[in-house]
Amino acid sequence: MSQYSIKSLAEYFDVYRKSVSDPERFWAEIAEEHFEWHRLWDRVLYWDPVKPEVRWYDGARLNITENCLDRHLRRRKDQAAIIFEPNDPDSPAVTITYGELYERVNAFANVLKSQGVGKGDRVCIYLPMIPELAVAVLACARIGAIHSVVFAGFSSQALASRIADADCKLVITADGSYRGAKTIDLKRIVDVALESCRGVERVLVVKRVGTEIEMKQGRDLWLAPLLAEAPKTCEPEVMDAEDPLFILYTSGSTGKPKGMVHTCAGYMVYTAYTFKNIFAYRDGDVYWCTADIGWITGHSYIVYGPLLNGATTVMFEGVPSYPDYGRFWQIIEKHRVNQFYTAPTAIRALARQDLSYVTRYDLSSLKVIGTVGEPINEEAWHWYNEHIGQKRCPIVDTWWQTETGGIMISPIPYVTPTIPTFATLPFIGIRPALMDAEGRELEGHQVEGRLCIKFPWPSMARTIWGDHQRYKDTYFSTFPGMYFTGDGALRDAAGYYRITGRVDDVIIVSGHNLGTAPIENAINAHPAVAESAIVGFPHDVKGNALYGFVVLKGDASDADPDVLRREINGLIADSVGPIAKLDKIQFATGLPKTRSGKIMRRILRKIAAGDMDDFGDVSTLLNPDVVEELKQNAV
Ligand code: 7RM
């Protein structure tokens, strides 16, 4: 029992050792004790790193929603499963108990069945952060349909390509969505998307904003009347352990998005176990992750991980700046939130506001605060620690990916001593490796290299939908036999990991392979620099030359740009080498970022190349306005 909830550093090391010395035994024990199965597995792990093929709990049969819902009805029928906090702070929050969630999921599952959806069919969910989103996800899982949630900030083009790639037969959407002071016509975006892809027989529409919309005869149906008629129980489809549970597209920075496929049993076991430990969730706590369910963080740590543990999970429809920059802190006070999980980009934006937005609220309920999505810088870490965690709450800097399904490297709060900007230690069962450019593993401490994982874990993505070769090429070919993350990391003297950023943006300058990450680190070491991004641009002699976009700290904006340019190149020459000096440096007020905080290098590359038209899909940018400024000031 104790290994399910780790309470001390000694226990962590002990359980970790067990999990890597006999992984099959370890993961069998966790799975058998903490989940309900229709049939146990014949074999815990099958692993062929060449194909590559991985199967966990092969032969087992289960339905993940029975583990999220049915089994909690005995003890938690009237406990809140979801607390829905709407965009409008004056609208009441809505509490959905486990009993109510059970009925809503079952009714929705029956609606899907009545519309001809069955096991293995793909359903696209394009909804704002309203309860129907979580219900729709679980309803699919109830009947064995494969959900493909598309973040409702994506454009119709992006939506269409995802619907087509997965060959979805049904789309679930809403008339519109609220985002701060704005209303977005979601249904219209779906209509445009469906003009360019066939196969979708039915669109189910949630009424959220009440605007007048077009309903296409024979294709579109309002959801509410169907739900009202549907029976409130639906027998779960009993799934094989390795049947797909969902497809989720990664924000591919280049080319076609990759539909990562996650399967039922391993994903269930790993997300539940990580949630329990990494958020130190205890009965009665209120947990809030600010991500959107359209991203993997929302799948694993708003819906599945929390509900598998019988937790109370907050779903927030709005944005951190509406009606003002105090909204997050107001919600924490209002719902007495105990665990809070957000992204560094949100922390940095909020840290720039007047501190009174924070201090006017009571944050004493917080016990654990977390970050995810990108490396957190020292300044943001300290602000978060001091003003939000009030130096009482451990910060869990959680490193993981869409592909990994669950958190891979992270402190366990109140167990692992934290160091700013370090994701610290691998979670139970995870075996990281740092590799050099020649494919040798870097052993020991104080080393930096490419981050790989050298043994399978239960929630790893099994394939890319429809393209297993691409899965193999992308993740298992750079370092044969291992999963390559695309990130760089260092391991310090204590064995702690710090993620340094993507390493797959390699630029070849005069025949030298240069990674962007070490050059950016050198630039960022300048006291006047807030952040930076470098890209390559075509050069007659060198093949490629380097172009740097540099954001200065607020108090450095009147420094002499030529002096800064010289100093920045001096730092690069010192830490990487003169070959890595930048040919061009453009100062900017910001970098184009996705909502999860990732720099869209694709846009920067075009600007650096002087190619100012057709920026493709920028609908997921947090700050689309910055693109115009970057174009104007290109050097
Ligand atoms: C969960 C998620 C994955 C990429 C990953 C990293 C970066 C995520 C951290 C981080 C440093 C972290 N999935 N990343 N977490 N970098 N520290 N704690 O974000 O598929 O959307 O992105 O995000 O580069 O490879 S994701």
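What you see is a predicted model; the values in this text were computed from it and never measured. Both counts, for ligands and for their atoms, begin at 1 and track the order of listing.
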Give the numbers and elements of all ligand 1 atoms closer than 4.0 Å to a heavy atom of [X].
X	value
Pro375	11 (C), 16 (N), 17 (N)
Thr398	9 (C), 12 (C), 15 (N), 18 (N)
Asp397	12 (C), 17 (N), 18 (N)
Thr297	1 (C)

Side-chain donor-acceptor pair under 3.5 Å between Asp487 and Trp399, yes or no?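 Short answer, yes.
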Do we see a donor-acceptor contact under 3.5 Å between the side chains of Asn277 and Tyr4? no
Glu85 and Arg327: salt bridge (Lys or Arg N to Asp or Glu O under 4.0 Å), yes or no, with the steps? CA-CA 11 Å; Glu85 174 67 27; Arg327 189 71 194 275; 2.7 Å; yes
Have a look at Lys598, Met260, Glu374, Lys258 and point out the one with the heavy atom closest to atom 19 (O) of ligand 1. Lys598
What pairs of residues pass the salt bridge (charged side-chain N to carboxylate O under 4.0 Å, His left out) test when at least one of them lies in residues 370-388, not counting sequence neighbours?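 For residues 370-388: Arg348-Glu374.
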Between ligand 1 and Gln401, is the shortest N or O to N or O distance under 3.5 Å?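 It does: an N or O of Gln401 is found under 3.5 Å from an N or O of ligand 1.
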Below 3.5 angstrom, do we get any N/O pair linking Thr485 and ligand 1? no
For Lys51, salt bridge (charged side-chain N to carboxylate O under 4.0 Å, His left out) partners two or more places apart: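 Expected list: Glu53.
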Quick one: does ligand 1 sit under 4.0 Å from the side chain of Asp487, the backbone, both or neither, non-hydrogen atoms only?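 Only the side chain of Asp487 comes within reach of ligand 1.
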Yes or no: does Gly373 have any heavy atom under 4.0 Å from an atom of ligand 1? yes
At the 4.0 Å heavy-atom cut-off, does Thr250 count as touching ligand 1?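 Contact absent.
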Would you call the rings of Phe340 and Phe328 parallel, tilted or perpendicular, taking 30° and 60° as the class edges?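 The arrangement is perpendicular - the two ring planes meet at more than 60°.
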Val269 vs Trp457 side-chain heavy atoms within contact, under 4.5 Å: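 A side-chain contact under 4.5 Å is absent here.
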